[in-house]
Amino acid sequence: LTAWTAMLTAYAQTGHLDLARKFFDSMPKKSTISWNAMISAYTQNGHLREAQELFEKMPDKNMVSWNAMITGYTQHGHMEEAREMFHRTPYRDLVSWNALLSGFSQSGLITEARKLFDRIPNPDVISWTTMVTAFASWGQLDEARDVFDRMPVRNLVSWNAMISGYSQNARGHEALQLYRTMDVEGVRPNEITFVGVVDACTAIGSLPLSRVIHAHIGDSSLSWDVTVGNAVVTMYAKCGSLHGAELVFSSMVRKDTITWNAMLAAYAQFSCHAGAVHVFHAMHVEGVPPDQVTFTIMLAVSSHSGECKTGLTYFWSARLDFGLPYRADHYRCMVDLLGRAGYIRDAKDLVQSMPFEPD
RNA sequence: ACUUACAUUCAAGUU
């Protein structure tokens, strides 16, 4: 039964929800854990309706079942439903509190988060770190730092949250300073720490510093993770070295869609239309699937280089060849592209055909 | 084997 449930989770995590459900239905015996796994499979893929249905049908709900539903709602911005579940659960534990807290954080309800935090009976390191993230991700770095300093216990995630918070808010020097403190206190960094440090340099924008940081993480005994490589590609580009970005990019053995997007963005930043087009084709040859970001970059590149026809080709290709839904920025690029080429009427028609409200 | 905290890629306009 444990093996079956593990299989179910594996299907869900690779996006094969339908297979997961078939698997679940065909299981000769089901435990509460398998029901919970199926509910999480639904919530993690945004199918809250189905999750709720299953939750209501399941015979023996436990604490994890209730928490999975709270989390499902918070992670998709349905705070009212999450709140209701939180109040109705007969098994409220620290996970329930933390899940709701994280929901307030993600929705930008910082005041609510703060109030909830004060009511948590025995906040743990996750509760505290969630508060650090809540403040940091809404730009309140000094509040975040205050929470960080007052935490009774810090773990690696707490350090990473604070370091990345600084980096994401263009406070690279403070990020690096905190990284040094972390080192002094003997906390071992991981890949996520390195990404935060690399991003700090990206924010500072200094090429000499980026070489130092590159050497530092290159010397580390930790093997290079694809996300660290991706961050380094961007760091070199943002620090003004397209060549550095290219060198790192080609040295990376493992590349994902983000790696390719980072390289495309580097060419776009340097107005190197030919480079971007070349990488886009190479991506296709290597069989790496483009995503919505890939097309945002390619549309912007086409617009800036006046390649109206090419841009239109990308626009249609995104949906017809790759089944990607359009985001608002794809339309923005297209309006820009058509407008620059003088097709004001078509730009206007496109705006009127959009599935969202124009901003 | 199931639930909670951290990370990498992103458009236009203005300057």
Side-chain angles (χ1 to χ4, degrees), chain A residues 1-10 12 31-41 43-44 62-72 74-75 91 93-103 105-106 124-134 136-137 155-165 167-168 190-199 202 225-235 237 256-266 268-269 291-301 303-304 327-337 339-340 359:
Chain A
L1 190 55
T2 64
W4 285 69
T5 308
M7 280 289 282
L8 198 164
T9 304
S31 65
T32 301
I33 295 186
S34 4
W35 281 86
N36 290 343
M38 192 63 230
I39 287 174
S40 297
T43 60
Q44 281 158 15
N62 65 7
M63 193 155 67
V64 173
S65 328
W66 284 89
N67 287 339
M69 287 308 301
I70 295 172
T71 302
T74 59
Q75 283 175 349
Y91 311 103
D93 72 342
L94 202 44
V95 173
S96 332
W97 285 95
N98 290 341
L100 193 67
L101 188 67
S102 168
S105 162
Q106 282 160 13
D124 64 358
V125 64
I126 295 186
S127 325
W128 283 92
T129 305
T130 303
M131 285 311 295
V132 170
T133 308
S137 53
N155 64 14
L156 181 57
V157 175
S158 326
W159 286 93
N160 290 345
M162 195 63 236
I163 291 172
S164 314
S167 299
Q168 285 161 357
N190 66 2
E191 292 84 354
I192 295 181
T193 320
F194 289 141
V195 170
V197 167
V198 170
D199 282 348
T202 303
D225 177 85
V226 66
T227 62
V228 176
N230 294 345
V232 173
V233 169
T234 301
M235 173 179 75
D256 60 12
T257 299
I258 294 184
T259 317
W260 290 87
N261 289 344
M263 199 59 234
L264 285 174
Q269 184 198 319
D291 65 5
Q292 293 171 313
V293 173
T294 314
F295 283 102
T296 302
I297 299 166
M298 293 315 289
L299 289 175
V301 164
S303 170
H304 291 148
R327 297 191 319 196
D329 32 344
H330 296 121
Y331 288 104
R332 288 190 193 106
C333 289
M334 284 308 289
V335 168
D336 185 58
L337 184 94
R340 280 178 207 251
D359 60 8

Derivation of the side-chain contact (heavy atoms from CB on, under 4.5 Å) call for A:Asn98 and A:Val95: CA-CA 5 Å; A:Asn98 290 341; A:Val95 173; 5.8 Å; no

Side chain of A:Thr5 - closest among B:A7, B:A1, B:U3: B:A1

Nucleotide B:C2, atom P - distance to CG of A:Asn36 in whole Å: 10 Å

Phosphate-side-chain proximity, A:Gln269 and B:U9, N/O vs OP1/OP2 below 4.0 Å: no

Point-to-point distance, once rounded to the nearest 0.5 Å, from CD of A:Gln106 to OG1 of A:Thr133: 9.5 Å

Whole-Å gap separating C1' (B:C6) and CE (A:Met131): 15 Å

Student check: side-chain heavy atoms of A:Thr193 and A:Asn190 closer than 4.5 Å: yes

A:Leu100 CG - B:U3 P separation (whole Å): 18 Å

Protein-nucleotide distance (A:Asp291, atom CG; B:A11, atom C1'), rounded to Å: 14 Å

Sugar-phosphate only, base, or nothing, as touched by A:Thr130 at under 4.0 Å among non-hydrogen atoms: sugar-phosphate

Side-chain touch A:Asp291/A:Asn261, heavy atoms, less than 4.5 angstrom: yes

Sugar-phosphate only, base, or nothing, as touched by A:Asp199 at under 4.0 Å among non-hydrogen atoms: sugar-phosphate

Residue pair A:Asp225, A:Val195: steps toward the side-chain contact (heavy atoms from CB on, under 4.5 Å) verdict: CA-CA 10 Å; A:Asp225 177 85; A:Val195 170; 5.8 Å; no

A:Thr296 side-chain proximity, nearest of B:A5, B:A11, B:U4: B:A11

Candidates B:A7, B:C10, B:C6 - which lies nearest the side chain of A:Thr133: B:C6

Sugar-phosphate only, base, or nothing, as touched by A:Val195 at under 4.0 Å among non-hydrogen atoms: sugar-phosphate

Closest listed nucleotide, where the reference is the side chain of A:Ile192 and the choices are B:C6, B:A1, B:A11: B:C6

Nearest-nucleotide pick for A:Asp329, side chain only, options being B:C10, B:U4, B:U8: B:C10

Residue A:Val157, side-chain atoms from C-beta onward, closest of B:U4, B:U9, B:A5: B:A5

Nucleotide B:C10, atom C1' - distance to CZ of A:Phe295 in whole Å: 14 Å

Length of the CG-P vector between A:Asn62 and B:U4, whole Å: 14 Å

B:G13 phosphate, OP1 or OP2, under 4.0 Å from A:Arg340 side-chain N/O: yes

A:Asp336 side-chain proximity, nearest of B:G13, B:C2, B:A5: B:G13

Any N/O donor-acceptor pair, A:Asn155 side-chain to B:A5 base, under 3.5 Å: yes

Value in whole Å for how far the P atom of B:A7 lies from CG of A:Leu156: 13 Å

Salt bridge A:Arg340-A:Asp336, side-chain N to carboxylate O under 4.0 Å: yes

A:Gln168 side-chain N/O to B:U8 phosphate OP1/OP2 under 4.0 Å: yes

d(CH2, A:Trp128; C1', B:C6) in whole Å: 17 Å

Nearest to side-chain heavy atoms of A:Ile126, which nucleotide of B:U8, B:U4, B:U9: B:U4

